[in-house]
Amino acid sequence: MSDDIVALAEHIHHLEKDVVKRGQPERARLCLQSMKDAAVHPWAVRQELSDVVRVLDARPSLGGAASKKAMAGWSAVMSAMPRHP
């Protein structure tokens, strides 16, 4: 049992010191990996996992973000062009 406590303390330390410095979705991946390594059953943290899924769903996809930047760039180009009557 003392080995389990030490392992849990190591996971907590890793989450508090290293994982919090990362951005999403890397932070979520590392948290899930830590849960797997510590043998945490998903049912025990179902609310937290639901929150992670909600946050990740709210983030735009790579394609969506690129499209948004391209449209903003195109709008800037078009607004800089002189208008002909």
Side-chain angles (χ1 to χ4, degrees):
M1 177 140 161
S2 63
D3 290 341
D4 292 340
I5 293 171
V6 170
L8 185 57
E10 289 173 352
H11 285 287
I12 291 169
H13 176 77
H14 176 67
L15 289 171
E16 290 178 343
K17 300 298 180 194
D18 300 329
V19 174
V20 295
K21 298 175 186 172
R22 306 290 177 105
Q24 291 292 6
E26 180 68 8
R27 186 184 310 175
R29 188 191 69 73
L30 290 170
C31 286
L32 292 172
Q33 182 64 46
S34 185
M35 285 175 48
K36 178 183 171 201
D37 294 345
V40 173
H41 194 281
W43 186 256
V45 290
R46 65 189 175 280
Q47 180 60 48
E48 291 82 358
L49 289 175
S50 295
D51 292 343
V52 168
V53 169
R54 184 180 42 77
V55 168
L56 292 177
D57 280 346
R59 294 183 57 95
S61 66
L62 180 58
S67 176
K68 194 175 195 179
K69 288 206 178 258
M71 292 301 291
W74 179 253
S75 294
V77 167
M78 292 304 290
S79 65
M81 293 183 71
R83 305 233 178 214
H84 295 290

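Because only heavy atoms are used, hydrogens play no part in the values below, and waters and symmetry mates are left out as well, while side chains stay in. Everything numeric in this text was worked out from a predicted model, so none of it was measured.
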Sequence neighbours excluded and cut-off under 3.5 Å, please list the side-chain donor-acceptor pairs for residues 30-40, or say none.
from	atom 1	to	atom 2	distance (Å)
Q33	NE2	D37	OD1	2.9
S34	OG	H11	ND1	3.0

Residues 44-55 vs salt bridge (charged side-chain N to carboxylate O under 4.0 Å, His left out), sequence neighbours excluded, gives D51-R54

Not counting sequence neighbours, which residues clear salt bridge (Lys or Arg N to Asp or Glu O under 4.0 Å) with E26? List them please.
R22, R29

